[in-house]
Amino acid sequence: MLESRKVKASQQEVIELYHSCFPPEEKFPFDQLMNLSTRRDVEFLAYYDHQIFVGFTFSIIGSQSVFVLYFAVIKKLRNRGYGSEILNLLKERYEKVINLNIEALDPQCDNMNERLRRYVFYKKNGFMNTHYRLLLSHGEYAILSTPGFDMESYKQTIQIFNKQLPEIK
């Protein structure tokens, strides 16, 4: 069974995974994530299988739902059930609807297979396509959710990042 621990600013393994898994346009400065993680409504967690670092999540906890901004598993440890186990831990921990965004499926994109694998992984783990899209300057994202999605709750939870919400269609 995995163990979760709060991320500390000096955790090089988390910093390296964060920088290797997300493109620059999708990343906040790591220091900003650490500052946000001091809030009561934010959790930045690292996951360990015994003492082996497996991955991390960065989540915003709203009154009715949780938004997972970042979720990553070390590449060489993927396809071993760790991702599913982490998602199950999140479901048990929060006992709320869990929302997250993934790059929208677009046959014209250059990483369609990766996007499709990610989508299938989340579907297999109980997430549904809400059929809403988040439109950001660097791309379009599909909003996925566990059962019980509510748009107002989603908006309230992601409000932490910007005063003006991005366009949602």
Side-chain angles (χ1 to χ4, degrees), residues 2 4-7 14 17-18 21-30 32-47 54-73 78 81-106 109 111-112 114-169:
L2 294 180
S4 64
R5 302 179 200 154
K6 286 189 173 240
V7 169
V14 175
L17 182 58
Y18 175 66
C21 283
F22 300 98
E25 65 273 8
E26 291 182 6
K27 288 189 292 201
F28 287 94
F30 195 80
Q32 188 175 354
L33 294 181
M34 291 307 304
N35 288 339
L36 284 170
S37 73
T38 63
R39 294 174 53 125
R40 285 194 335 245
D41 58 350
V42 174
E43 282 197 315
F44 198 178
L45 299 174
Y47 298 88
V54 172
F56 72 85
T57 56
F58 185 95
S59 306
I60 298 99
I61 300 105
S63 60
Q64 297 172 12
S65 65
V66 174
F67 177 69
V68 178
L69 177 63
Y70 295 112
F71 170 38
V73 172
R78 292 180 189 159
Y82 287 120
S84 296
E85 190 171 348
I86 290 169
L87 289 176
N88 285 330
L89 287 171
L90 291 177
K91 291 172 190 176
E92 291 170 14
R93 181 180 193 93
Y94 300 122
E95 297 181 340
K96 296 180 182 188
V97 173
I98 299 176
N99 304 309
L100 51 83
N101 302 331
I102 62 170
E103 291 174 299
L105 298 179
D106 175 5
C109 71
N111 68 338
M112 183 57 180
E114 181 181 328
R115 291 180 185 202
L116 188 55
R117 275 195 317 271
R118 193 174 293 132
Y119 178 74
V120 168
F121 166 77
Y122 285 116
K123 289 280 283 184
K124 178 185 87 170
N125 283 283
F127 285 77
M128 305 175 307
N129 187 345
T130 65
H131 301 288
Y132 286 102
R133 297 284 185 263
L134 186 67
L135 306 176
L136 300 174
S137 61
H138 55 271
E140 186 172 315
Y141 294 80
I143 301 172
L144 303 185
S145 178
T146 56
F149 177 77
D150 176 75
M151 179 53 77
E152 289 309 310
S153 175
Y154 173 84
K155 287 179 180 179
Q156 177 257 333
T157 305
I158 67 169
Q159 194 81 35
I160 186 175
F161 292 109
N162 41 356
K163 303 278 187 236
Q164 185 176 1
L165 289 172
E167 183 180 350
I168 298 172
K169 67 174 189 173

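Looking at every heavy atom in both residues, I102 comes nearest to L100 through CG2-CD1, 3.8 Å. Listed here is the closest heavy atom pair of V7 and V14: CG1-CG1, 4.0 Å. The heavy-atom pair separating S59 from V68 by the smallest distance is OG-CG2, 3.7 Å. G62 and Q156 get closest at one heavy-atom pair: CA-OE1, 4.2 Å. Of all heavy-atom pairs spanning F71 and G83, the tightest one is CZ-O, 3.5 Å. Summarising the geometry of R133 relative to A142, their closest heavy-atom pair is NH1-CB, 3.3 Å, with the distance given to 0.1 Å.
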With side chain to side chain contact (heavy atoms under 4.5 Å, CB included) as the criterion, how do N129 and Y122 come out once you've worked through the C-alpha distance, each side chain's angles and the decisive distance to 0.1 Å?
CA-CA 9 Å; N129 187 345; Y122 285 116; over 6 Å; no

Test T57 against I86 for side chain to side chain contact (heavy atoms under 4.5 Å, CB included), laying out the working first.
CA-CA 8 Å; T57 56; I86 290 169; 3.7 Å; yes

Please evaluate residues K6 and L45 with respect to the criterion side chain to side chain contact (heavy atoms under 4.5 Å, CB included), reporting the C-alpha separation (whole Å), side-chain torsions for both, the decisive distance (0.1 Å), and the verdict.
CA-CA 5 Å; K6 286 189 173 240; L45 299 174; 4.3 Å; yes

Just do the side chain to side chain contact (heavy atoms under 4.5 Å, CB included) check on S145 and Y154 with the steps written out, would you?
CA-CA 10 Å; S145 178; Y154 173 84; over 6 Å; no

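Judged by distance alone, the side chain of D150 and the main-chain N or O of S153 form a donor-acceptor pair under 3.5 Å. No donor-acceptor distance shorter than 3.5 angstrom exists from the side chain of S65 to the backbone of V97, with no hydrogens or angles considered.
Using a 4.5 Å heavy-atom cutoff, the side chains of E103 and Y141 are in contact. Counting only heavy atoms from C-beta outward, the side chains of V120 and R117 never approach each other to under 4.5 Å. Between S84 and K124, some side-chain heavy-atom pair lies under the 4.5 Å cut-off. Looking only at side-chain heavy atoms (C-beta outward), I61 and K96 come within less than 4.5 Å of each other. The side-chain heavy atoms of I160 and V42, taken from C-beta on, include a pair separated by under 4.5 Å. For the pair L33 and Y70, the minimum side-chain heavy-atom distance is below 4.5 Å. With contacts defined as side-chain heavy-atom distances shorter than 4.5 Å, the pair V66/T157 does not qualify.
Aromatic pair F30/F58: centroids not less than 6.0 angstrom apart.
The distance from the CZ atom of R78 to the CZ atom of F121 is 10.0 Å, given to the nearest 0.5 Å. In this structure, CZ on R93 lies 8.0 Å from CG on L90, to the nearest 0.5 angstrom. Distance check: K155 NZ to N99 CG gives 13.0 Å after rounding to the nearest 0.5 Å. The distance from atom CG of L136 to atom CG of N101, rounded to the nearest 0.5 Å, is 7.5 Å. Between atom CD of residue Q64 and atom CD of residue E152 there is a gap of 10.0 Å, rounded to the nearest 0.5 Å. With rounding to the nearest 0.5 Å, the separation of CD1 in I158 from CG in L134 is 6.0 Å.
Residues E85 and Y47 bring no donor and acceptor atom of their side chains to less than 3.5 Å of each other.
The aromatic rings of F22 and Y18 sit tilted, their planes meeting at an angle between 30° and 60°.
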